[in-house]
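Reading through the structure tokens given below for one structure.
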Amino acid sequence: MLASFIGVSVSKRVLLVSISALLGVLSFPPIGFNFLAAIAWLPLLVALKGASVKASTRLGVLHGLLFYGGALSWLTEVFVASPLMIIPLVFIMASFTGLFGLLFSYTGRLYREKWVVPVLGAVMWTGIEFYRCELFILKFPWMTPGVGLGPTALTPTIGVYGMSFLIILAGSLLTANRFRKWGCGVLLLIIGTLVLWGTDAESGEKVKILALQSENGFLEGYLEMIDGCEEQVDIILFPEYAFARDVRKSAHTWKALTKLAEDRDVIVVVGTRTEFEDYWHNTALTLTGDGELGVHYKNHPVHFFDDGRPGVEAKAQDAKGLKFGTSICFDNDYEGVVRRMTADGATFFAIPSLDAESWTEREHWQHAELFRHRAAENGRWMVVAAGSGVTQLIDAHGKRRKWLKPMEPGWMVAELPVRTTQTIYSQYGWLFAWVMLVISGAWIVHIIVRAVHILYSRSGKLS
């Protein structure tokens, strides 16, 4: 049955695709062997070499089903009422790998062993990946080669999508006899960026943040946790949805929060809602003892959940001489919100997040990886307060410096430097993925026009 679906002999190509999917899964938590991502997609590219366009498309789909199905099996715990929803979702994501297989095979047959094949292969993968992750209606940027690899020394220049480009470029070059030396060179470059991944000493102004990890949703429980911290801090950071209703509409809660800010002389960032007559926003509210200072409305609500109306602005908060970002949970899965807040002057990030306990610890650790890439791309330290974890401190290179164990309520004090310089990525490098998308789109249009022209010519001859 499998052989019939693929259209080729099962033995070699399907085995290679299966190995590729397995290596990809192992590069993500809970195993988290990040270095495997550098070679995980190579067996897939080998399997596609020489296969027909139809077979390559089906091999790509098979890879997607095995990879996404294995890595994201925890989705059955998210959609408890309808766990079978994972099937169409995995098929949709697998279709993008199938599209890559189709385009890569067609390009290989058109240009044979020319240099344009591996280069266009990497361009198409990146363009398709960027579209699937950032622009498609079911955008989901978790499972990509760049995310699996983890932040590197090149992340502040070309970002996570640029690293995916290099991984696929290295694999594509290694599958071509004429360009294997170049492929080895790109692979060594990737490995080198992992080795050179920095931990520079930081000097200058520093901020102390008390981050809370709890899903209890009760004011008294949070205040009891805060009382357990005797250190003087600058910011107290609550999780996303720390309060399920608008705290400004509860006199008791609002008074308690402003009193907390005044008594401890701190800024409070709290996850709540902003409620209007006909709609509401998932909100990161910044306040002091004098009252509300600013809000950020979540730009990227979670799919399939009632997560509020999307916000459109991504501005830095300005409080007591500090300028910082308060991107919320899913905002950090995508490259734009953190980058725009950084451009607006954010010198560090205090992030409310959720990740429900019922979604499993595996989901928590996989999601925690996205914050590391946003920190490294923009060169900013981050503190994340997650409802049931992972509450974490991430440095400006994307390294996790401190964290709380998921599923256990607790608190963490983190000290982080204030940074004002901007990375190449936050200024210009973010455009790289857009360029790949435009080239990929143009190439797809070229292929469609060429195919239509061929069909028209053949029909003319037959007539």
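As a basis for the values below, the full set of heavy atoms in this structure was taken, side chains included, without hydrogen atoms, waters or symmetry mates.
Note: Phe33 and Phe28 fail the aromatic proximity criterion, with ring centroids not under 6.0 Å apart.
Glu215 and Ser388 are linked by a side-chain donor-acceptor pair at a separation below 3.5 angstrom, with hydrogens and angles left out of the test. Checking His303 against Lys139 by side-chain atom types alone, no donor-acceptor pair falls below 3.5 Å. Using modelled atom types, one finds no donor on one side chain facing an acceptor on the other under 3.5 Å when comparing Tyr425 with Asn378. No side-chain donor-acceptor contact under 3.5 Å links Arg339 and Tyr334. A side-chain donor from one of Trp443 and Thr107 sits under 3.5 Å from a side-chain acceptor of the other. In this structure, a donor-acceptor pair under 3.5 Å is present between the side chains of His367 and Asp355. Checked by atom type, the side-chain pair Thr423/Ser426 shows a donor-acceptor distance below 3.5 Å. Of the N and O atoms on the side chains of Glu134 and Tyr161, at least one donor lies less than 3.5 Å from an acceptor on the other residue.
Thr391 places a side-chain N or O within 3.5 Å of a backbone atom of Ala386 that can act as its donor or acceptor partner. Between the Arg372 side chain and the Gly150 main chain, no donor and acceptor come within less than 3.5 Å of each other. Remark: the backbone N or O of Val53 is paired with a side-chain donor or acceptor of Thr57 at under 3.5 angstrom. The backbone N or O of Arg309 sits less than 3.5 Å from a side-chain atom of His281, completing a donor-acceptor pair. Looking only at distances, no side-chain donor or acceptor of Lys323 sits under 3.5 Å from a matching main-chain atom of Ala346. The main-chain N or O of Tyr297 is found under 3.5 Å from a side-chain atom of Asn299 such that the two form a donor-acceptor pair. Proximity of a side-chain donor or acceptor of Thr144 to a complementary backbone N or O of Val147 within less than 3.5 Å is detected. Using a distance-only test at 3.5 Å, with no hydrogens or angles considered, a donor-acceptor pair links the side chain of Ser440 to the main chain of Val123. Remark: the backbone N or O of Ala37 is not paired with any side-chain donor or acceptor of Ser27 at under 3.5 angstrom. Thr76 contributes a side-chain N or O that, together with a main-chain N or O of Ser73, makes up a donor-acceptor pair within less than 3.5 Å.
Listed here is the closest heavy atom pair of Ser105 and Ala51: OG-O, 3.1 Å. For Leu437 against Gly127, the heavy-atom pair with the smallest separation is CD1-O, 3.5 Å. Here the closest non-hydrogen pair linking Gln213 and Glu408 is NE2-O, 2.8 Å. The shortest non-hydrogen separation linking Leu237 to Pro352 is CD1-N, 4.1 Å. Heavy atoms only, all atoms of each residue included: Ser18 and Leu66 are closest at OG-CD1, 3.8 Å. Of all heavy-atom pairs spanning Asp331 and His296, the tightest one is OD2-NE2, 2.8 Å.
The distance from the CG atom of Leu44 to the OG1 atom of Thr175 is 10.5 Å, given to the nearest 0.5 Å. From Leu84, atom CG reaches atom CD1 of Ile87 across 5.0 Å, with rounding to the nearest 0.5 Å. The CZ atom of Phe349 lies 5.5 Å from the OG atom of Ser327; values are rounded to the nearest 0.5 Å. For the atom pair CZ of Arg340 and CH2 of Trp430, the computed distance is 10.0 Å after rounding to the nearest 0.5 Å. Note: Arg400 CZ to Gln392 CD = 4.5 Å, rounded to the nearest 0.5 Å. Distance check: Phe238 CZ to Leu210 CG gives 8.5 Å after rounding to the nearest 0.5 Å.
Every side chain to side chain contact (heavy atoms under 4.5 Å, CB included) that Pro29 has, sequence neighbours left out, goes to Trp365, Gln366, Glu369.
A 4.5 Å side-chain heavy-atom check between Lys206 and Leu416 finds every atom pair outside the cut-off. Side-chain atoms of Glu363 and Glu77, non-hydrogen and from C-beta on, never get closer than 4.5 Å to each other. Taking 4.5 Å as the limit, every side-chain heavy atom of Trp182 sits out of range of all side-chain heavy atoms of Pro118. Taking 4.5 Å as the limit, some side-chain heavy atom of Val383 sits within range of a side-chain heavy atom of Leu393. At least one side-chain heavy atom of Asp307 sits less than 4.5 Å from a side-chain heavy atom of Tyr241. Within the 4.5 Å cutoff, the side chain of Met382 has heavy atoms near those of the Ile351 side chain.
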Output, in order, the C-alpha distance, side-chain angles, deciding distance and verdict of side chain to side chain donor-acceptor pair (under 3.5 Å) for Glu377 and Thr155.
-> CA-CA 5 Å; Glu377 285 172 343; Thr155 302; over 6 Å; no
Please test Glu240 against Lys298 for salt bridge (Lys or Arg N to Asp or Glu O under 4.0 Å), starting from the C-alpha separation and ending with a verdict.
-> CA-CA 10 Å; Glu240 180 185 18; Lys298 190 175 187 178; 2.8 Å; yes
Tell me, with the steps shown, if Leu45 and Phe100 meet side chain to side chain contact (heavy atoms under 4.5 Å, CB included).
-> CA-CA 10 Å; Leu45 296 166; Phe100 168 76; 3.8 Å; yes
Intermediate values then yes/no, side chain to side chain contact (heavy atoms under 4.5 Å, CB included), Met143 and Leu72 | CA-CA 9 Å; Met143 298 297 155; Leu72 301 174; 3.6 Å; yes
Step by step, would you call Ile92 with Leu138 a side chain to side chain contact (heavy atoms under 4.5 Å, CB included)?
-> CA-CA 9 Å; Ile92 289 170; Leu138 295 178; 3.6 Å; yes
Show your working on side chain to side chain contact (heavy atoms under 4.5 Å, CB included) between Arg13 and Leu59 and close with a plain yes or no.
-> CA-CA 8 Å; Arg13 296 193 195 277; Leu59 285 166; 3.8 Å; yes
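Taking a 6.0 Å sphere around OH of Tyr428, one finds it holds 12 or fewer heavy atoms contributed by other residues, nucleotides or ligands. In Phe35, the CZ atom is crowded: over 12 heavy atoms of neighbouring residues, nucleotides or ligands sit closer than 6.0 Å. Summarising the local packing, NZ of Lys315 is surrounded by 12 or fewer heavy atoms from other residues, nucleotides or ligands at distances under 6.0 Å. When the shell of 6.0 Å around NZ of Lys405 is examined, it contains 12 or fewer heavy atoms from other residues, nucleotides or ligands. Within a 6.0 Å sphere centred on CZ of Phe91, other residues, nucleotides and ligands contribute 12 heavy atoms or fewer. Ile424 CD1: 12 or fewer foreign heavy atoms inside a 6.0 Å radius.
In this structure, Trp434 and Phe130 have perpendicular ring planes: the angle between them is above 60°, well past the 30° mark. In this structure, Trp41 and His63 have tilted ring planes: the angle between them lies in the 30° to 60° band.
Each of Phe330, Phe371, Trp74 was compared with Trp142 under the ring pair (Phe, Tyr, Trp, His ring centres under 6.0 Å) criterion, and only Trp74 meets it. With Ile39 as reference, Leu187 is the one residue of Leu187, Ile190, Leu174, Ile167 to meet the side-chain contact (heavy atoms from CB on, under 4.5 Å) rule.
The cationic atom of Arg380 (NZ for Lys, CZ for Arg) does not lie both less than 6.0 Å from the six-membered ring centre of Phe348 and within 45° of the ring axis.
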